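Count residues from 1 along the sequence. What you are looking at is a predicted structure, and each value in this text was computed from that prediction instead of being measured.
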Amino acid sequence: MSFNTPVDRRGTNSTKWDLMERLYGVSPKDGLAMWTADSDYATAPCVIEAVKATAEHGVFGYTFANDAYFSAIQWWMQTRHRWSIDKDWILTTQGLGNAIALCLDVWTEPGDAAVIFSPVYHEFAHKVNKAGRVVTECPLVRQGDTYMLDLDDAQARLTGREKMLIWCSPQNPSGRVWTADELRAVSAFARKNGLLLVSDEIHHDLVYAGHCFVPTAVAAPDDTDNTVYLTAASKTFNIAGQRTGNMIIPDPTLRSAMQKRLAMLDYNPSALGVAMITAAYSEEGAAWADAQIDHLQKNREIFDAGINAIPGVWSMPLQSTYLGWVSFEDTGMSHEEVSARIRDTAKIAVSQGPTFGTGGESFMRFNLATQTANVEEAVRRMQAAFADLQ
């Protein structure tokens with residue numbers, strides 16, 4: 001169960017490593033890929049064994065999502081998150097990006113608006129815009145080294161065109177774990193304004209000691225008729241390439257509408273995705289996920305100590321996720337200068353803060369789900385790239 005065994009992902013059609021030169025100008029030959037949110041270490045042994053068993057069977061014909069798959073999801077949500085769900089609530093999609101696009105397609109019309117709280121995962125706004133809908137951006141308020149909600153300000157920003165609120169819990173890019181009271185407030189805000197709440201909870205397993213993730217459905221059980229919950233094993237187990245995620249929809253009317261859309265699109269879960277998730281959501285998978293948190297805890301401690309030693313640079317204390325959210329505001333440098341130093345001198349490909357919307361202008365996001373040696377090397381490179389600030 002080693003997360004520090006080197007894995008060379010170059011030349012494997014890895015988006016993270018094989019596209020970073022094209023997208024960020026950093027060569028994989030001597031650069032570090034710390035942008036897109038997947039991990040650089042192998043998944044849990046139980047998942048690998050499930051893939052081997054499927055391959056050894058040798059027949060890859062038509063399959064379906066069986067009872068073992070649904071039971072594994074139910075077991076995981078109950079055991080890990082104290083959330084009791086019915087089998088019938090679970091619909092499978094081609095990952096959560098696909099799920100968000102489907103939600104926009106089913107429950108909004110071109111020209112409608114969707115609310116997002118920024119800075120937030122850039123694909124929220126991208127999906128809204130690509131669907132021909134409009135983004136209503138409601139900035140979070142930064143208080144010290146964390147983000148807070150300002151629902152009065154959000155209320156004032158509504159135009160009357162909004163039909164949906166796309167919510168991120170835990171929060172990406174900051175790693176903020178929302179409290180039950182905050183989740184209830186967001187849920188009440190959505191209902192008050194006639195907004196369908198779509199809650200993306202993909203990072204729910206990646207929470208550090210001292211913090212507790214609460215599913216939105218558990219925090220606001222009276223609002224399940226107005227909410228679609230999105231979950232996946234992809235971030236937890238580094239299996240995003242299988243493009244398998246879940247919508248959990250308790251309300252029968254909402255669920256029926258999505259089932260009809262999935263049937264029209266002739267979508268069925270992938271056989272390999274079903275096998276991998278069934279294996280992951282198990283006692284063996286849980287033990288691996290716990291060990292991963294220990295590894296990530298060490299990585300974030302090393303990263304934070306090294307980054308915070310650079311004058312004018314600080315990393316937001318992570319409560320969850322493996323995504324370091326780093327501010328360069330106090331350096332006095334422009335975003336372009338900061339970006340150039342990270343790209344050309346440090347040779348690290350990172351996610352650009354402005355792509356996360358209002359509030360991200362002075363930030364960069366660093367992926368820490370890698371071998372500890374890579375985090376240590378990234379710190380050395382960053383300190384050298386900003387050595388004149390020492």
Side-chain angles (χ1 to χ4, degrees), residues 113-126 128 134-162 164-193 195 197-204 206-208 210-214 216 219-220 223 227 300 304 307-308 312-321 323-335 338 351-366:
V115 175
I116 62 173
F117 287 88
S118 62
V120 73
Y121 178 45
H122 47 75
E123 275 298 322
F124 285 6
H126 290 174
V128 172
V134 179
V135 173
T136 297
E137 191 178 29
C138 298
L140 297 169
V141 177
R142 202 176 88 210
Q143 292 185 358
D145 58 9
T146 193
Y147 286 110
M148 304 295 291
L149 287 162
D150 186 343
L151 293 178
D152 290 334
D153 176 74
Q155 186 69 49
R157 293 174 183 271
L158 301 187
T159 66
R161 300 167 65 186
E162 292 79 12
M164 182 177 291
L165 193 167
I166 308 176
W167 176 244
C168 194
S169 178
Q171 214 270 344
N172 173 7
S174 71
R176 175 77 154 80
V177 175
W178 303 108
T179 67
D181 285 344
E182 288 169 323
L183 294 170
R184 281 189 285 270
V186 168
S187 187
F189 175 85
R191 184 176 291 282
K192 170 186 174 182
N193 290 287
L195 308 175
L197 180 60
V198 175
S199 186
D200 180 346
E201 304 183 359
I202 196 169
H203 292 280
H204 60 178
L206 301 166
V207 178
Y208 298 104
H211 303 281
C212 180
F213 168 79
V214 180
T216 304
D223 291 323
T227 310
R300 72 168 184 155
D304 286 352
I307 291 298
N308 293 343
V313 183
W314 58 273
S315 180
M316 189 168 283
L318 282 182
Q319 299 175 359
S320 67
T321 83
L323 304 167
W325 188 232
V326 179
S327 171
F328 295 83
E329 182 178 14
D330 295 336
T331 65
M333 297 180 185
S334 67
H335 173 76
V338 170
S351 296
Q352 304 289 304
T355 66
F356 295 86
T358 299
E361 297 85 356
S362 64
F363 283 82
M364 296 289 192
R365 195 190 74 175
F366 291 72

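- The side chain to side chain donor-acceptor pair (under 3.5 Å) test applied to Trp325 returns Tyr147, not counting sequence neighbours.
- Residues Ala180 and Ala219 come closest through the heavy atom pair O-CB, 3.8 Å.
- A donor-acceptor contact shorter than 3.5 Å links the side chain of Thr331 to the backbone of Phe328.
- Rounding to the nearest 0.5 Å places OH of Tyr121 at 10.5 Å from CG of Leu323.
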Between Glu201 and Thr216, is the side chain to side chain contact (heavy atoms under 4.5 Å, CB included) condition met? List the steps.
CA-CA 9 Å; Glu201 304 183 359; Thr216 304; 2.7 Å; yes
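- Contacts of Glu123 classified as salt bridge (Lys or Arg N to Asp or Glu O under 4.0 Å), with partners at least two apart in sequence or in another chain: Lys127.
- In this structure, the side chains of Val326 and Phe366 come closer than 4.5 Å at one or more pairs of heavy atoms.
- Side-chain contact, Glu162 with Thr159: a donor N or O sits under 3.5 Å from an acceptor N or O.
- Leu195 approaches Met164 most closely through the heavy-atom pair CD2-N, 3.9 Å.
- Contact record, Gly175 with Gln319: O-CB, 3.2 Å, taken as the closest heavy-atom pair.
- Evaluation of the salt bridge (Lys or Arg N to Asp or Glu O under 4.0 Å) rule for Glu361 yields no partner, not counting sequence neighbours.
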Mind running side chain to side chain contact (heavy atoms under 4.5 Å, CB included) on Leu318 and Tyr208 for me, showing each step along the way?
CA-CA 8 Å; Leu318 282 182; Tyr208 298 104; 4.0 Å; yes
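- Applying the side chain to side chain donor-acceptor pair (under 3.5 Å) test to Gln171 and every residue at least two apart in sequence or in another chain returns Ser174.
- Residues that satisfy the side chain to side chain contact (heavy atoms under 4.5 Å, CB included) test with Ser362, not counting sequence neighbours, are Ser327, Glu329.
- Remark: the backbone N or O of Pro317 is not paired with any side-chain donor or acceptor of Asp304 at under 3.5 angstrom.
- Rounding to the nearest 0.5 Å places CH2 of Trp167 at 11.5 Å from CG of Asp200.
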Taking distance alone, no hydrogens or angles, what donor-acceptor pairs closer than 3.5 Å link side-chain atoms of residues 186-193 to residues at least two apart or in another chain?
residue, atom, partner, partner atom, Å
Ser187, OG, Asp223, OD2, 2.6
Arg191, NE, Asp223, OD1, 2.7
Arg191, NH2, Asp223, OD1, 3.2
Arg191, NH2, Asp225, OD1, 2.4
Asn193, OD1, Gln155, NE2, 2.8
Asn193, ND2, Gln155, OE1, 3.0
Asn193, ND2, Phe189, O, 2.9

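- Considering only heavy atoms from C-beta on, His203 comes within 4.5 Å of Asn172 through its side chain.
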Would Asp330 and Val313 count as a side chain to side chain contact (heavy atoms under 4.5 Å, CB included) here? Give the steps.
CA-CA 7 Å; Asp330 295 336; Val313 183; over 6 Å; no
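- For residues 174-187, the set of pairs meeting the salt bridge (charged side-chain N to carboxylate O under 4.0 Å, His left out) definition, not counting sequence neighbours, comprises Arg176-Glu182, Asp181-Arg184.
- Looking at Phe363 and Pro354, their side chains never come closer than 4.5 Å, going by heavy atoms from C-beta outward.
- Between Pro170 and Leu206, the closest side-chain pair of non-hydrogen atoms is not below 4.5 Å.
- Listed here is the closest heavy atom pair of Val128 and Ala114: CG2-CB, 3.9 Å.
- Side-chain N or O atoms of Ser118 include none that pairs as donor or acceptor with a backbone N or O of Val120 at under 3.5 Å.
- Partners of Glu137 by salt bridge (Lys or Arg N to Asp or Glu O under 4.0 Å), not counting sequence neighbours: none found.
- Residues passing the side chain to side chain contact (heavy atoms under 4.5 Å, CB included) test with Cys138, sequence neighbours excluded: Val115, Phe117, Thr136, Ala154, Arg157.
- Applying the side chain to side chain donor-acceptor pair (under 3.5 Å) criterion to Thr321, with sequence neighbours excluded, gives no partner residue.
- Nearest heavy-atom pair across Ala125 and Ile116 is CB-CD1, 4.2 Å.
- At least one donor-acceptor pair under 3.5 Å links the side chain of Trp178 to the backbone N or O of Cys168.
- The structure places CG of Asp145 at 10.0 Å from OG of Ser315, a figure rounded to the nearest 0.5 Å.
- In this structure, the side chains of Val141 and Leu149 stay at 4.5 Å or more apart for every pair of heavy atoms.
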Between Met148 and Leu140, is a side chain to side chain contact (heavy atoms under 4.5 Å, CB included) present by the stated rule, with each step listed?
CA-CA 6 Å; Met148 304 295 291; Leu140 297 169; over 6 Å; no
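- By the side chain to side chain contact (heavy atoms under 4.5 Å, CB included) test, His122 is found to be paired with His126, Thr355, Phe356, residues two or more places apart in sequence or in another chain being considered.
- For Asp152, the salt bridge (Lys or Arg N to Asp or Glu O under 4.0 Å) test picks out no residue, with sequence neighbours left out.
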